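Some notes on the structure that comes next.
Computed from a predicted model, the values in this text were never measured in an experiment. Sequence positions, counted from 1, serve as the residue numbers for this chain.
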Amino acid sequence: VSTQSTGLGKRRPSYRWFLVGSARSGTPFHIDPNGTSAWNALLVGQKRWALYPPDVPPPGVNFIYGKDGSIKSFKAMNPLKWFYDVYPTLPPTQLPIEFTQYPGDMVYVPAGWWHTVINLSETVSVTQNFVSDNNLCLTLTWLYNQDQIEMI
């Protein structure tokens, strides 16, 4: 959605979002773009999060690897399907870091971490991606290589 079609013109930056979601909606596993970190502040509702470190590909996500072993593209199922079909089959060693976010909670997602979120109820939140001293090199590398990675 362009910022023009939202009526906000150029006032809303492309890295900050106001999110409204229904129960059982969410976002599939992904890594935030361009090597950025992110924060998410929940105003209303409850969200269930599952995260994996950068070096642990999430179970149930299909990857296409390059000759050098790096991920070239991936396809992840919707979070409701993942929590119902994949999550119950995971052995303890493959379980994600997981938690429930409540109103007033702010979540920090480090650069490069895989994460999926499912709304347990109707939710309203604000989120923003950012670059800091901690992920500047990763962001510059990601931007340099951006034409080599395709998200399906």
Side-chain angles (χ1 to χ4, degrees), residues 1-3 5-6 8 12-131 135 138-139 141-143 145-152:
V1 176
S2 77
T3 54
S5 66
T6 63
L8 296 175
R12 187 193 68 81
S14 61
Y15 52 84
R16 184 179 304 141
W17 298 271
F18 180 78
L19 305 171
V20 178
S22 62
R24 297 178 299 283
S25 65
T27 184
F29 270 109
H30 66 283
I31 295 173
D32 285 333
N34 303 329
T36 58
S37 297
W39 57 260
N40 180 288
L42 187 60
L43 306 173
V44 175
Q46 297 176 348
K47 293 178 176 276
R48 183 175 179 187
W49 291 73
L51 296 92
Y52 286 95
D55 61 337
V56 180
V61 176
N62 296 315
F63 295 96
I64 297 174
Y65 294 93
K67 292 178 183 177
D68 62 356
S70 65
I71 296 170
K72 294 299 179 189
S73 66
F74 67 92
K75 184 172 183 173
M77 63 187 72
N78 76 58
L80 185 62
K81 185 168 178 54
W82 188 86
F83 276 109
Y84 277 107
D85 292 347
V86 177
Y87 181 83
T89 68
L90 298 177
T93 57
Q94 289 187 349
L95 290 174
I97 296 169
E98 60 181 307
F99 55 88
T100 301
Q101 183 183 18
Y102 297 95
D105 291 347
M106 183 177 286
V107 172
Y108 167 74
V109 180
W113 279 63
W114 292 96
H115 55 285
T116 186
V117 182
I118 187 164
N119 295 320
L120 302 177
S121 62
E122 293 179 346
T123 62
V124 177
S125 62
V126 179
T127 190
Q128 178 173 321
N129 291 82
F130 65 95
V131 177
N135 60 333
L138 179 60
T139 298
T141 301
W142 190 288
L143 289 171
N145 294 320
Q146 69 181 333
D147 63 330
Q148 299 175 21
I149 297 175
E150 174 188 345
M151 290 186 280
I152 300 173

State the [atom1]-[atom2] distance between [X] and [Y], to the nearest 0.5 angstrom.
| X | Y | atom1 | atom2 | value |
| --- | --- | --- | --- | --- |
| Ser121 | Arg48 | OG | CZ | 13.5 Å |
| Leu19 | Lys47 | CG | NZ | 6.0 Å |
| Asp85 | Met77 | CG | CE | 6.5 Å |
| Ile118 | Trp82 | CD1 | CH2 | 10.5 Å |
| Gln46 | Glu122 | CD | CD | 12.5 Å |
| Asn78 | Thr27 | CG | OG1 | 10.0 Å |

Nearest heavy atoms of [X] and [Y], plus distance in Å:
| X | Y | result |
| --- | --- | --- |
| Val86 | Pro59 | CG1-O, 3.7 Å |
| Phe63 | Tyr65 | CB-CE1, 3.5 Å |
| Ser22 | Asn119 | O-CB, 3.4 Å |
| Ala111 | Pro54 | O-CG, 4.2 Å |
| Trp114 | Pro53 | CD1-O, 3.7 Å |

Practice task
For Tyr84, look at atom OH and say whether over 12 heavy atoms of other residues, nucleotides or ligands are found less than 6.0 Å away.
Solution key: no

With heavy-atom distances below 4.5 Å as the criterion, would you say the side chains of [X] and [Y] are in contact?
| X | Y | answer |
| --- | --- | --- |
| Trp39 | Val126 | yes |
| Val44 | Pro103 | no |
| Pro28 | Val61 | no |

Exercise for the section: Verify whether the ring centers belonging to Phe74 and Phe29 lie closer than 6.0 Å. Expected result: no

Problem - Gln101 side chain vs Asn40 backbone, donor-acceptor pair below 3.5 Å - result: yes

Practice task
Say whether, by atom type as modelled, one donor and one acceptor occur between the side chain of Tyr52 and the main chain of Gln94 under 3.5 angstrom.
Solution key: yes

Problem - Evaluation steps, side chain to side chain contact (heavy atoms under 4.5 Å, CB included), between Asp32 and Trp113 - result: CA-CA 8 Å; Asp32 285 333; Trp113 279 63; over 6 Å; no

Handout entry: Chi angles and distances behind the side chain to side chain contact (heavy atoms under 4.5 Å, CB included) call for Ile97, Trp49
Key = CA-CA 8 Å; Ile97 296 169; Trp49 291 73; over 6 Å; no

Problem - Those residues that, when tested against Asp105, pass side-chain hydrogen bond (donor to acceptor under 3.5 Å, both in side chains) (two or more places apart) - result: none

